[in-house]
Amino acid sequence: MSLQSWPEPVVRVQSLSESGIRAIPDRYVKPPSDRPSVFSSPSVRDANIPVIDLKGLFIGANVPGDPGNPTLRQINEACRDWGFFQVVNHGVDPKLMRAMRESWREFFHLPVESKQRYANSPCTYEGYGSRLGVEKGAVLDWSDYFFLHYMPQCLRSHEKWPALPSSCREQIAEYSKQVVELSGRLMKMLSLNLGLPEDFLQRCFGGEEIGACLRVNFYPKCPQPDLTLGLSPHSDPGGLTLLLPDENVPGLQVRRGESWVTVNPVPDAFIVNIGDQMQVLSNAIYRSVEHRVIVNSAKERVSLAFFYNPKSDIPIAPAPDLVTEDRPALYPAMTFDEYRLYIRTKGPRGKSQVESLKSPR
């Protein structure tokens, strides 16, 4: 199966949406069992992922070393129970967050030919895209996106970032710098909560040589939102994801047992979730959790997902201190390059990949 080109001509979902169609093409219609349900029990409807205030937690780049710290405890519980949480007072400039979101909204409303010069291929996914996976005839998601690399430095190419709006490249650089700093602090907290040295997880990721990339998602209005999804159920293949959601339009749903919980975004918060690589490193003490995105007929939606990943050629395996006779290593060592080939080939497939890696016991 080739990763050099898409198996079929690429159709921009935004163009479909703006054409005035009343019914979505069959390519986007999910099987009945995968469609979003409008029904949910009151307990699930009223649930929300934990919101954690990081104010006062950091002194410079340092994190309090006491795992009994109330904030560290909240994060630990959220990672074990939900795999998702929101953080406020996190140190990233809220004005920059809002400006980034609006610049990208502007980008997606540029003429098609202005965006098309950044059209991507499945080889790296870098640029302007409209599908994940290269299986011919696959049912597609109702979204367009832009994917770019920030780290390692050797993959960072400003020329591949949008030149318009004119402030976009400068904003991407500053935003990414601040989010990488926040991610590094969160890594320290997770290390301490797992009973590991503060810098353990960061060293496993490659120290300063981590991978970091941004995917900006654009979910156009959809005439039949009950038949499709903006993004199919999946867990994130990387380490940590920090999502800047659309403040005004909920769409992210997190799996909770057999139900889906719609996340209500808190103003100026990031939604943080555990990725598959963190599940492997923690030997499944922390677990990545399936999530998906629903769309609606009245409003478009923009979100920015920042992926903080291991250096791509370092083997990732359960931390030796988290492997015991009662809890043997659940996963074999594998590099992130090897791991992410699955989702780049097959597209989002729930948690089938990480679960398939489990060592027989």
Side-chain angles (χ1 to χ4, degrees), residues 12-14 18 51-55 58 85-112 114-118 120 126-129 143-151 153 155-186 212-221 230-231 240-252 263-273 293 295-296 298-308:
R12 301 303 178 190
V13 177
Q14 186 177 3
E18 292 174 355
V51 179
I52 301 172
D53 190 342
L54 302 184
K55 189 175 184 182
F58 308 121
F85 54 97
Q86 298 190 64
V87 290
V88 295
N89 294 314
H90 39 63
V92 179
D93 183 356
K95 288 181 183 171
L96 177 60
M97 294 165 70
R98 293 179 213 130
M100 268 285 277
R101 197 166 40 212
E102 291 319 303
S103 286
W104 280 103
R105 197 183 300 276
E106 278 184 54
F107 169 81
F108 282 103
H109 283 288
L110 291 172
V112 171
S114 299
K115 295 177 288 192
Q116 200 58 29
R117 59 179 290 209
Y118 301 104
N120 73 348
E126 200 168 7
Y128 175 49
S143 57
D144 298 324
Y145 63 86
F146 197 105
F147 181 83
L148 60 88
H149 288 289
Y150 180 68
M151 290 182 77
Q153 181 92 35
L155 292 181
R156 191 185 306 173
S157 175
H158 291 193
E159 293 71 40
K160 293 180 180 178
W161 300 359
L164 294 173
S166 57
S167 58
C168 197
R169 288 178 177 172
E170 192 179 329
Q171 286 173 348
I172 292 167
E174 181 57 30
Y175 177 86
S176 299
K177 174 174 168 284
Q178 291 190 28
V179 177
V180 162
E181 288 173 3
L182 171 59
S183 301
R185 290 169 168 177
L186 289 168
C213 44
L214 176 70
R215 190 179 71 217
V216 183
N217 306 298
F218 184 77
Y219 303 102
K221 297 174 191 174
L231 192 53
L240 283 179
T241 303
L242 282 78
L243 180 78
L244 175 59
D246 194 311
E247 277 188 2
N248 302 313
V249 189
L252 174 66
V263 176
N264 295 310
V266 172
D268 300 328
F270 281 107
I271 298 170
V272 181
N273 66 279
V293 176
V295 291
N296 69 74
K299 293 180 179 178
E300 67 185 33
R301 185 170 170 272
V302 176
S303 70
L304 288 72
F306 194 91
F307 302 109
Y308 192 84

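All values derive from a computational prediction rather than experimental measurement.
For the pair Arg156 (side chain) and Met151 (backbone), a donor-acceptor distance under 3.5 Å is absent. Listed for the Asp144 side chain is a donor-acceptor partner under 3.5 Å among the backbone atoms of Val13. Arg301 places no side-chain N or O within 3.5 Å of a backbone atom of Pro220 that could act as its donor or acceptor partner. With hydrogens and angles ignored, the 3.5 Å screen pairs no side-chain donor or acceptor of Lys299 with any backbone N or O of Lys221. Between the side chain of Asp246 and the backbone N or O of Val302 there is at least one donor-acceptor pair closer than 3.5 Å.
To the nearest 0.5 Å, atoms CG (Asn273) and CG (Leu240) are separated by 8.0 Å. Note that CG of Leu244 is 5.0 Å distant from CG of Leu304, once rounded to the nearest 0.5 Å. Between the CG atom in Leu110 and the CD atom in Gln116 there is a gap of 12.5 Å [rounded to 0.5 Å]. For the atom pair Glu300 CD and Asn248 CG, the distance stands at 11.0 Å (nearest 0.5 Å). Note that the CZ atom of Arg215 and the CZ atom of Phe146 stand 13.5 Å from one another [nearest 0.5 Å]. Once rounded to the nearest 0.5 Å, the distance linking OG of Ser176 with CE of Met100 reads 6.0 Å.
Between Ala173 and Trp161, the shortest heavy-atom contact is N-CZ3, 4.0 Å. Minimum heavy-atom separation, Tyr308 to Gly184: OH-CA, 4.0 Å. Closest non-hydrogen pair, Ala99 versus Gln171, comes out as CB-NE2, 3.6 Å. Taking both residues in full, the closest heavy atoms of Glu247 and Pro267 are given as OE2-CA, 3.4 Å, listed atom of the first, atom of the second, then distance.
The shortest side-chain heavy-atom distance between Thr241 and Val272 does not fall under the 4.5 Å cut-off. Met97 places a side-chain heavy atom less than 4.5 Å from the side chain of Phe270. By the 4.5 Å heavy-atom criterion applied to side chains, Asn296 and Val249 are counted as neighbours. Counting only heavy atoms from C-beta outward, the side chains of Leu182 and Leu54 approach each other to under 4.5 Å. Under the 4.5 Å side-chain criterion, counting only non-hydrogen atoms from C-beta, Ser303 is in contact with Tyr219. Within the 4.5 Å cutoff, no side-chain heavy atoms of Val263 are placed close to those of Pro245. Contact check for Val216 versus Tyr128: no side-chain heavy atoms found under the 4.5 Å cut-off. Taking the side chain as every heavy atom from C-beta outward, Gln178 and His90 never approach each other to under 4.5 Å.
Here Lys160 pairs with Glu126 under the salt bridge (charged side-chain N to carboxylate O under 4.0 Å, His left out) rule; sequence neighbours left out. Qualifying salt bridge (charged side-chain N to carboxylate O under 4.0 Å, His left out) partners for Glu170, counting only residues two or more places apart in sequence or in other chains: none. The side chain to side chain contact (heavy atoms under 4.5 Å, CB included) search around Val51 returns Gln86, Val88, Val266, not counting sequence neighbours. Under the side chain to side chain contact (heavy atoms under 4.5 Å, CB included) criterion, Asn120 pairs with Trp6, Tyr125, Tyr145, not counting sequence neighbours. Among residues two or more places apart in sequence or in another chain, the side chain to side chain contact (heavy atoms under 4.5 Å, CB included) test is passed with Lys177 by Tyr150, Glu174, Glu181. Applying the side chain to side chain contact (heavy atoms under 4.5 Å, CB included) criterion to Arg98, with sequence neighbours excluded, gives Pro94, Lys95, Arg101, Asp268.
Using bins of under 30°, 30° to 60° and over 60° for the plane-to-plane angle, the ring pair Phe108/Trp104 lands in the tilted bin.
Cation-pi geometry between Arg105 and Phe218 is not met at under 6.0 angstrom from the ring centre and within 45 degrees of the axis.
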* To do: Please step through side-chain contact (heavy atoms from CB on, under 4.5 Å) for the pair Lys115 and Arg12, ending with a clear verdict.
  => CA-CA 11 Å; Lys115 295 177 288 192; Arg12 301 303 178 190; over 6 Å; no
* Run the side chain to side chain donor-acceptor pair (under 3.5 Å) check on Ser143 and Asn217 step by step: do they pass? -> CA-CA 7 Å; Ser143 57; Asn217 306 298; over 6 Å; no
* To do: Decide side-chain contact (heavy atoms from CB on, under 4.5 Å) for Leu231 and Leu252; before the verdict, give the C-alpha distance in whole Å, the side-chain angles of both, and the deciding distance to 0.1 Å.
  => CA-CA 9 Å; Leu231 192 53; Leu252 174 66; over 6 Å; no
